[in-house]
Amino acid sequence: MRIVIIADVMDTGLGGMKTYADNLVRCIPEVDTINEYYIINLTRTDCDRNVSFISIPYTRYPGKFFIRKFWQVPKKIRSLKPDVVLETTHIGPFFLPKGVKRLTVIHDLSTFIHPKHYTWINRMSERMLLPGIIRRADHLITVSESTKRDIQTLFDVASDRLTVIPLGVEEIFRPTRDQAILDKYGVVRPYFLHVGTIQPRKNIEMLVDAYERFRDANPMKVQLVLVGKIGWKSERVIDKIKKSQYSSDIIQTGHVAKEELPVFYSMCNLFVFPSHYEGFGLPLLEALACGAACVSADNSSLREVGGDRVNYYGGGNHFDLSQAMINFSLRDQTNLDPLAMHSKVFSWEKMTTKTVKVLENTSQ
């Protein structure tokens, strides 16, 4: 069977979608030695056993994104004559011959559920394109039962057209200590940690409010460390941080190398995840794998990821979150090996094996 995977996000992304595509492509040669794979991307042209990378760069013409998405990529796919095409970020595939099966991964529907957290171009493009993509897809993969319910509610998709395949956690995410890395970013212990792009959906404004209330009520000096790049509509939270009376103790690291991230998770006193909505919630899984004590909002997919090892708060205000932060000594509640426990359930190899099975079933 000949399979094409559209994986532009390997070159253009930094978040969970890139992690998904990177690990899917990495694991394919290990779990499937029979089928033939072509990976559409922007830069790579090498080959790894039965996986070939095909680079389709942007043109120099105006509208280069649309030219590539709606003409260059479909043209190349047609020339490859695949049995099935997998789109890893739910935007496409477009303009394929009728005989080619389409499989699309939908990570979340946050632009539909929380539209105010996105720019108008994000909202418009998703609302224009996604209904048709879902309608044309022969099968859909999603990463959590929560997102599956969202898809069925919003688009009336039958259960037999949907398969839930949870994400995995890489082996690099395990208890790791290195004070030199924290020193590099001006981080001292104790500290609360948040990992994720600075954008409204992550609810960092409320986290700052809760942190301020914690500091007001607690004589202990605890830093708040925000790991992640600046995203869209972040002006309000950045302004809030600057105006905070504790601004000198709120550390914004920007994007950090993956090799450094386990140290931040492992050495924090508490990982805090107040997100309004997550299709999966990969940072929560990574934090647990590193042995971090975790407090999380109780919504969307987060209980699927955190299970009974996370302290959830149900309220939508900073008072509930700050109270959970005040009780952050829960770090000592368990002696379980965090990585061993979670790797049994959340594995990139398992995810890839299940995805290959869906690809094979879809092509028939």
Side-chain angles (χ1 to χ4, degrees), residues 1-11 13 15-41 44 47-54 73 77 80 82-93 96 100-109 133-134 136-148 150-152 157-171 278-282 285-286 301 304-305 342-364:
M1 183 174 67
R2 181 171 289 193
I3 300 166
V4 168
I5 298 178
I6 304 173
D8 300 340
V9 72
M10 294 176 66
D11 301 304
M17 290 186 185
K18 173 179 168 56
T19 301
Y20 169 84
D22 284 345
N23 283 282
L24 174 67
V25 171
R26 174 182 63 83
C27 292
I28 282 173
E30 305 297 332
V31 305
D32 183 6
T33 60
I34 298 173
N35 295 306
E36 185 179 2
Y37 291 86
Y38 294 90
I39 312 301
I40 302 292
N41 70 109
R44 290 182 64 177
C47 184
D48 183 4
R49 288 162 281 185
N50 59 328
V51 177
S52 299
F53 293 86
I54 298 175
V73 170
I77 292 175
L80 293 170
D83 298 289
V84 60
V85 176
L86 171 66
E87 166 59 75
T88 58
T89 59
H90 77 233
I91 302 299
L96 301 182
V100 176
K101 300 292 187 178
R102 302 163 183 256
L103 180 60
T104 299
V105 181
I106 299 180
H107 294 267
D108 65 71
L109 292 178
I133 291 168
I134 290 175
R136 289 188 296 270
D138 294 280
H139 201 79
L140 301 167
I141 289 175
T142 191
V143 296
S144 66
E145 292 290 342
S146 171
T147 303
K148 177 182 177 179
D150 293 339
I151 295 169
Q152 291 181 301
V157 176
S159 290
D160 60 3
R161 289 186 59 219
L162 271 165
T163 299
V164 175
I165 305 179
L167 305 185
V169 60
E170 296 174 75
E171 291 186 4
E278 293 290 330
F280 184 79
L282 198 54
L285 176 59
E286 293 169 349
S301 61
E304 294 179 53
V305 175
H342 266 75
S343 63
K344 293 177 182 178
V345 180
F346 300 104
S347 158
W348 288 115
E349 288 75 16
K350 288 182 179 180
M351 183 277 292
T352 304
T353 300
K354 292 177 181 178
T355 301
V356 170
K357 183 65 175 177
V358 175
L359 282 163
E360 291 175 336
N361 290 340
T362 303
S363 69
Q364 296 173 3

Worked check of side chain to side chain contact (heavy atoms under 4.5 Å, CB included) between M1 and Q364:
CA-CA 10 Å; M1 183 174 67; Q364 296 173 3; over 6 Å; no
Please test L285 against L282 for side chain to side chain contact (heavy atoms under 4.5 Å, CB included), starting from the C-alpha separation and ending with a verdict.
CA-CA 5 Å; L285 176 59; L282 198 54; 4.1 Å; yes
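- Side-chain atoms of R2 come within 3.5 Å of backbone atoms of L80 as a donor-acceptor pair (strictly under, hydrogens ignored).
- In terms of heavy-atom proximity, V100 sits nearest to P82 at CG2-O, 3.7 Å.
- Side-chain atoms of N41 come within 3.5 Å of backbone atoms of I54 as a donor-acceptor pair (strictly under, hydrogens ignored).
- Counting only N and O atoms by type, the side chains of E87 and T89 include a donor and acceptor under 3.5 Å apart.
- A donor-acceptor contact shorter than 3.5 Å links the side chain of D138 to the backbone of R102.
- Atom-to-atom distance recorded for L24:CG and W348:CH2 is 8.5 Å, nearest 0.5 angstrom.
- At least one side-chain heavy atom of L86 sits under 4.5 Å from a side-chain heavy atom of T355.
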Stepwise side chain to side chain contact (heavy atoms under 4.5 Å, CB included) check, I40 with D8
CA-CA 7 Å; I40 302 292; D8 300 340; 4.1 Å; yes
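- Looking at D48, D32, N50 one by one, the single match for side chain to side chain donor-acceptor pair (under 3.5 Å) with Y37 turns out to be D32.
- In this structure a side-chain-to-backbone donor-acceptor pair under 3.5 Å is present from S301 to E278.
- Taking the side chain as every heavy atom from C-beta outward, I77 and I6 approach each other to under 4.5 Å.
- At least one donor-acceptor pair closer than 3.5 Å links the side chain of T142 to the backbone N or O of I106.
- The CD1 atom of I165 lies 13.5 Å from the NZ atom of K350; values are rounded to the nearest 0.5 Å.
- When all heavy atoms are compared, the tightest approach of Q152 to S159 is NE2-OG, 2.9 Å.
- Looking only at distances, a side-chain donor or acceptor of T147 sits under 3.5 Å from a matching main-chain atom of G279.
- What you find for E30 and R26 is that their closest heavy atoms are CG-O, 4.2 Å.
- The distance from the CG atom of L103 to the CD1 atom of I3 is 9.5 Å, given to the nearest 0.5 Å.
- N23 is listed as a side-chain neighbour of E170, based on a closest heavy-atom distance under 4.5 Å.
- Of all the heavy atoms in C27 and T352, the pair that sits closest is CB-OG1, 3.2 Å.
- Atom-to-atom distance recorded for I28:CD1 and T33:OG1 is 12.5 Å, nearest 0.5 angstrom.
- Side chains of L167 and F346 form no contact here, defined as non-hydrogen atoms less than 4.5 Å apart.
- With values rounded to the nearest 0.5 angstrom, I5 atom CD1 is found 8.0 Å from T88 atom OG1.
- A salt bridge is absent between K101 and E360; no separation between the charged side-chain nitrogens and carboxylate oxygens falls under 4.0 Å.
- The CG atom of D22 lies 13.5 Å from the CE atom of M17; values are rounded to the nearest 0.5 Å.
- Judged by distance alone, the side chain of E145 and the main-chain N or O of E304 form no donor-acceptor pair under 3.5 Å.
- The side chain to side chain donor-acceptor pair (under 3.5 Å) test with H139 singles out one residue from T163, T362, T104, and that residue is T163.
- Side-chain atoms of R161 never come within 3.5 Å of backbone atoms of L140 as a donor-acceptor pair (strictly under, hydrogens ignored).
- You'll find the side chain of R44 stays beyond 4.5 Å of the side chain of I39, heavy atoms only.
- The shortest non-hydrogen separation linking G281 to V305 is O-CG1, 3.9 Å.
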Using the rule given for side chain to side chain contact (heavy atoms under 4.5 Å, CB included), can you reason through V9 versus Y20, listing the C-alpha separation, both sets of side-chain angles and the distance that settles it, and then say yes or no?
CA-CA 9 Å; V9 72; Y20 169 84; over 6 Å; no
